[in-house]
Protein chains: 2
Amino acid sequence: MSEWITVRSDQLQKIFWAKSVAVLGASTNPAKLGHIILRNIIEGGYDGSLYPINPNAHEVLGLTAYTDLLSIPTDVDLVVFVVPGPMIPTLLEQAKEKKAGGAIVISGGFREVGNDALEHEVLVTARRCSIRMIGPNCQGFTFRPNKLCASWPLITRRGSIAIISQSGTIAATLAGWAEQDSVGVSGVVSLGNQADLCEIDFIQAFGEDVETKVIVMYIEGVKYGRQFMDTVTQINKPIIVLKSGRTPSGEKAAASHTKSMAGRDDVFSGICEQAGIIRAATIEEAYDFAKGFNSIPAPLGNRLLIITSSGGSGILAVDVAENHGLRILSLEAMLKEDLRKSKLPHARVIGNPIDLTGDASIADYLEVLRVCETRDAADMYLIIFGDPIAGAAEGIKKATQQYKKPLGICYLGGGTVQSDELKNFSDLELPVFPTPERATRLLAALYHRQSLKENYP
Amino acid sequence: MSEWITVRSDQLQKIFWAKSVAVLGASTNPAKLGHIILRNIIEGGYDGSLYPINPNAHEVLGLTAYTDLLSIPTDVDLVVFVVPGPMIPTLLEQAKEKKAGGAIVISGGFREVGNDALEHEVLVTARRCSIRMIGPNCQGFTFRPNKLCASWPLITRRGSIAIISQSGTIAATLAGWAEQDSVGVSGVVSLGNQADLCEIDFIQAFGEDVETKVIVMYIEGVKYGRQFMDTVTQINKPIIVLKSGRTPSGEKAAASHTKSMAGRDDVFSGICEQAGIIRAATIEEAYDFAKGFNSIPAPLGNRLLIITSSGGSGILAVDVAENHGLRILSLEAMLKEDLRKSKLPHARVIGNPIDLTGDASIADYLEVLRVCETRDAADMYLIIFGDPIAGAAEGIKKATQQYKKPLGICYLGGGTVQSDELKNFSDLELPVFPTPERATRLLAALYHRQSLKENYP
């Protein structure tokens with residue numbers, strides 16, 4: 001077992017800001033990973049030097065292929081390995097000659113299948129060569145500020161969410177949703193076996209990265225609890241953790257996956273509370289939290305006011321709010337009076353939720369917000385569009401500019417108008433959630449983090 | 001308050017199997033509900049007689065418009081009201097003259113905004129006229145076997161899920177997902193204020209409907225507990241209930257929405273356990289359960305075996321399984337031996353989960369299934385495709401034909417191959433879930449219902 005080495009982020013410079021990348025095992029076969037990764041680097045818009053290594057081809061994907069690392073005419077910052085594991089120690093020595101500082105080992109066949117000796121040899125070699133390594137047995141690395149997508153699937157949209165994951169699939173899933181939702185990512189790292197670099201190194205790196213606003217992680221365990229704690233407490237960015245191995249059977253499964261010691265879940269929960277980390281319960285929740293923390297400001301208290309066109313959706317939200325530490329206050333008499341005198345049509349339910357009913361327009365929502373804000377009626381608002389309400393995205397854009405309070409937006413049951421509006425929300429870079437439960441859960445998480453920060457300043 | 005009347009389903013004949021429908025308030029303005037509903041009836045393929053009523057138009061959407069109900073040349077089975085509430089009692093009398101047996105009152109402005117007197121008048125009139133009524137303040141009714149979509153959004157795909165909802169938005173959301181997923185529905189009813197027909201009537205009706213295999217409901221409360229219980233226990237179809245008003249604040253909100261008495265949640269849970277009803281926690285879970293119960297057989301025990309290409313996804317599934325009453329048994333020595341001797345490539349993790357790792361093929365999954373089934377290794381399987389695995393849908397189709405055990409399928413992190421495969425799954429009418437957590441939760445629900453049935457045969 002390797003000891004954790006305090007990483008100075010300049011050591012990761014040649015990974016994050018690689019000016020040249022070699023892909024070892026760059027296949028001409030489109031079904032092979034070595035081909036897919038090279039293609040994603042190209043299609044991802046990488047503008048540094050790119051060298052496919054393939055002894056049996058003159059070119060791959062239109063690029064000159066080299067027989068081996070040593071035939072490359074220049075130095076290389078980063079080497080991506082998609083070759084059989086036993087070849088890697090020798091190849092690392094060659095990478096050193098090319099002054100490489102980083103390696104991404106996609107190849108499997110190491111500790112995850114019981115081959116600890118090979119993994120140890122690779123690690124020792126990398127250390128001797130002063131090469132920092134992601135993996136082995138990983139799904140690669142994406143850093144959009146450097147336009148580098150040495151991973152799959154192809155992720156091109158630049159955003160401010162960093163994804164750190166012990167599972168390649170979960171990294172790909174989160175990144176795929178961010179791409180699809182036009183939310184984008186700053187970076188994605190699939191940690192694999194973490195022989196060298198581990199989650200702590202990337203928390204630190206993304207913590208320092210100016211484009212990253214929020215870090216979302218999937219982990220099975222934390223190897224270096226003390227350093228993990230030290231690092232996360234130094235980072236003043238929201239960190240969301242999805243951790244598996246929470247049950248005894250899960251812990252056992254985690255041990256055989258990445259040999260992680262999941263550890264007692266309540267202990268980990270305690271660490272999270274102290275460090276201001278937000279735990280997510282599912283992959284979808286991790287994504288929702290990342291999306292929300294990415295752009296919604298923190299609430300200063302836990303008073304939630306719900307404005308909806310769908311009564312039922314409002315009540316589902318109330319249940320979630322109450323179960324997760326938010327307060328659903330009754331409206332004060334003066335506010336009710338203001339709302340009754342306002343420009344709203346008369347057939348509305350003035351309570352909390354405020355139910356604008358099925359024929360609500362975006363103007364009604366904005367009028368309610370305006371009146372509520374004059375009385376400081378809440379610390380945050382949940383806005384549920386439960387019908388085909390046009391102009392919702394544009395209206396909400398104005399509201400976010402005018403009022404600084406967190407708005408959780410949910411759109412459902414709106415048919416074709418909804419499809420159009422979801423596109424508008426996406427174009428305006430406003431997060432929307434598919435159900436009232438998910439939007440409310442996010443608001444509760446925003447408040448939870450804020451309250452942790454107040455308790456442990 | 002009306003007393004609940006035991007409905008003989010022949011009383012609903014003229015709603016479910018209406019041979020002629022009149023739409024009162026059939027507007028020429030495409031933004032109006034009266035227009036949208038008429039259009040959806042047409043585009044939904046209704047092949048009975050259809051009469052738009054609009055005193056100011058000669059035709060609406062290409063159909064001859066009538067000044068009033070009485071000018072229609074024939075009798076009318078079902079009348080859809082999209083006109084101001086106060087007009088409805090008189091119009092019901094006219095509907096009676098046309099021998100109508102059913103009414104759908106879309107119009108609002110009744111009990112939900114404090115106008116109890118008008119609602120009472122409408123109910124009394126409907127009773128006197130022997131017209132059974134959905135609503136008022138509802139989003140309509142769809143019954144695909146009669147090709148009738150007197151609701152919105154437009155739902156055309158015929159399936160075997162019946163949706164009964166106190167919220168029009170939630171009905172529309174569930175139906176919209178079923179349409180999008182190619183799962184389809186048998187029927188959708190938005191109950192509205194339930195002045196006359198309530199959830200019990202529709203449980204009974206869909207219980208008798210031969211095309212309906214599963215009933216999914218959103219409710220805020222149950223008015224007639226005894227009759228509810230009697231009805232659900234008679235229906236030998238899975239019933240899934242999403243109930244809001246579970247917390248004190250939620251209960252209060254429910255009271256002001258549809259004046260439902262949410263009642264104590266633990267009491268309702270007890271009723272569900274006794275009646276074999278499955279409770280869903282969220283709108284998405286209600287949908288997942290409906291989709292799963294619709295086509296996946298019940299497991300005969302709670303032994304779950306997980307086959308995955310993604311280690312992390314498998315562990316997340318293990319946690320959910322353990323938290324929801326499923327057992328993740330270790331593999332028996334002889335089975336392990338069989339698997340080692342099988343056609344699987346060697347670099348696999350043989351445990352539970354069985355981790356086929358990222359380069360798994362569909363053949364690997366099928367080989368594992370085959371071997372496990374020869375040893376009766378599990379009561380159900382969770383199959384996680386966590387990579388771009390082609391041929392997954394076709395392979396699973398074969399497996400469902402060959403083995404009668406429940407298979408929970410989840411596909412994630414598979415990029416463009418995944419998009420293609422999801423389409424294939426949909427074409428083959430095989431349910432797939434987007435995350436391991438959701439697929440596992442469904443398997444647990446399948447087992448839970450089975451165990452309730454065994455406890456209360």
Side-chain angles (χ1 to χ4, degrees), chain A residues 108-109 112-113 139 152-154 165-173 176 218 220 242 244-250 253-254 256-258 282-284 309-316 318-319 321-323 328 347-349 351-353 355 357-358 386-387 412-416 434-437, chain B residues 108-109 112-113 139 152-154 165-173 176 218 220 242 244-250 253-254 256-258 282-284 309-316 318-319 321-323 328 347-349 351-353 355 357-358 386-387 412-416 434-437:
Chain A
E112 81 282 5
V113 290
Q139 201 163 318
W152 74 94
L154 175 63
S165 177
Q166 278 186 29
S167 155
T169 296
I170 294 167
T173 301
Y218 166 77
E220 287 159 19
L242 171 64
S244 68
R246 284 165 289 186
T247 59
S249 302
S256 80
H257 181 219
T258 44
T282 63
I283 306 177
E284 287 176 314
S309 72
S310 158
S313 302
I315 308 168
L316 287 169
V318 169
D319 282 334
E322 178 139 329
N323 283 332
I328 305 286
R348 306 303 188 210
V349 183
N352 190 5
D355 185 354
T357 74
D387 293 273
L412 77 168
T416 52
T435 67
E437 297 102 333
Chain B
E112 81 282 5
V113 290
Q139 201 163 318
W152 74 96
L154 176 63
S165 176
Q166 279 186 30
S167 155
T169 296
I170 293 166
T173 301
Y218 165 76
E220 288 160 18
L242 171 64
S244 67
R246 285 165 288 187
T247 60
S249 302
S256 79
H257 181 221
T258 44
T282 63
I283 305 176
E284 287 176 314
S309 72
S310 159
S313 302
I315 307 166
L316 288 170
V318 169
D319 283 334
E322 178 140 328
N323 283 332
I328 305 287
R348 306 303 188 210
V349 182
N352 190 3
D355 185 356
T357 75
D387 293 271
L412 76 169
T416 52
T435 67
E437 297 103 334

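Note that this is a predicted model, so its numbers are computed, not measured. Note on naming: letters A, B, ... go to the chains in the order of the sequence lines (proteins, then strands), and numbering restarts at 1 for each one.
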Asks: Give the minimum heavy-atom separation between E284(A) and P434(B), together with the two atoms involved.
Replies: OE2-CG, 4.2 Å
Asks: Can you name the side chain to side chain donor-acceptor pair (under 3.5 Å) partners of T282(A), sequence neighbours left out?
Replies: none
Asks: Just to verify, which of I283(A), T169(A), I170(A) counts as forming a side chain to side chain contact (heavy atoms under 4.5 Å, CB included) with P436(B)?
Replies: I283(A)
Asks: I'd like to check the side chain to side chain donor-acceptor pair (under 3.5 Å) partners of D387(B); sequence neighbours left out, ordered by chain and number.
Replies: S309(B)
Asks: From E437(A) CD over to L242(B) CG, what is the distance, rounded to the nearest 0.5 angstrom?
Replies: 6.5 Å
Asks: For chain B, which candidate among L316(A), N352(A), I328(A), N323(A) shows the most heavy-atom pairs at distances under 4.5 Å?
Replies: L316(A)
Asks: As an exercise: rank G386(A), P353(A), G351(A), G415(A) by heavy-atom pairs under 4.5 Å with chain B and give me the winner.
Replies: G386(A)
Asks: What I'd like to find out is whether the side chain of E112(A) reaches to under 4.5 Å of the side chain of V349(B), using heavy atoms alone.
Replies: no
Asks: Are side-chain heavy atoms of V318(B) and R246(A) found at a separation under 4.5 Å?
Replies: no
Asks: Non-hydrogen atoms of chain A under 4.5 Å away: do they reach the side chain of L154(B), the backbone, both or neither?
Replies: neither
Asks: Start with the C-alpha gap between D319(B) and T247(A), add the side-chain angles, then the distance that decides, and say whether side chain to side chain donor-acceptor pair (under 3.5 Å) holds.
Replies: CA-CA 5 Å; D319(B) 283 334; T247(A) 59; 2.7 Å; yes
Asks: Kindly give the heavy-atom pair with the smallest separation between I315(B) and S244(A), and that separation in Å.
Replies: CG2-OG, 3.4 Å
Asks: When only pairs under 4.5 Å are counted, which of G358(B), G168(B), P248(B), G314(B) shares the most heavy-atom pairs with chain A?
Replies: P248(B)
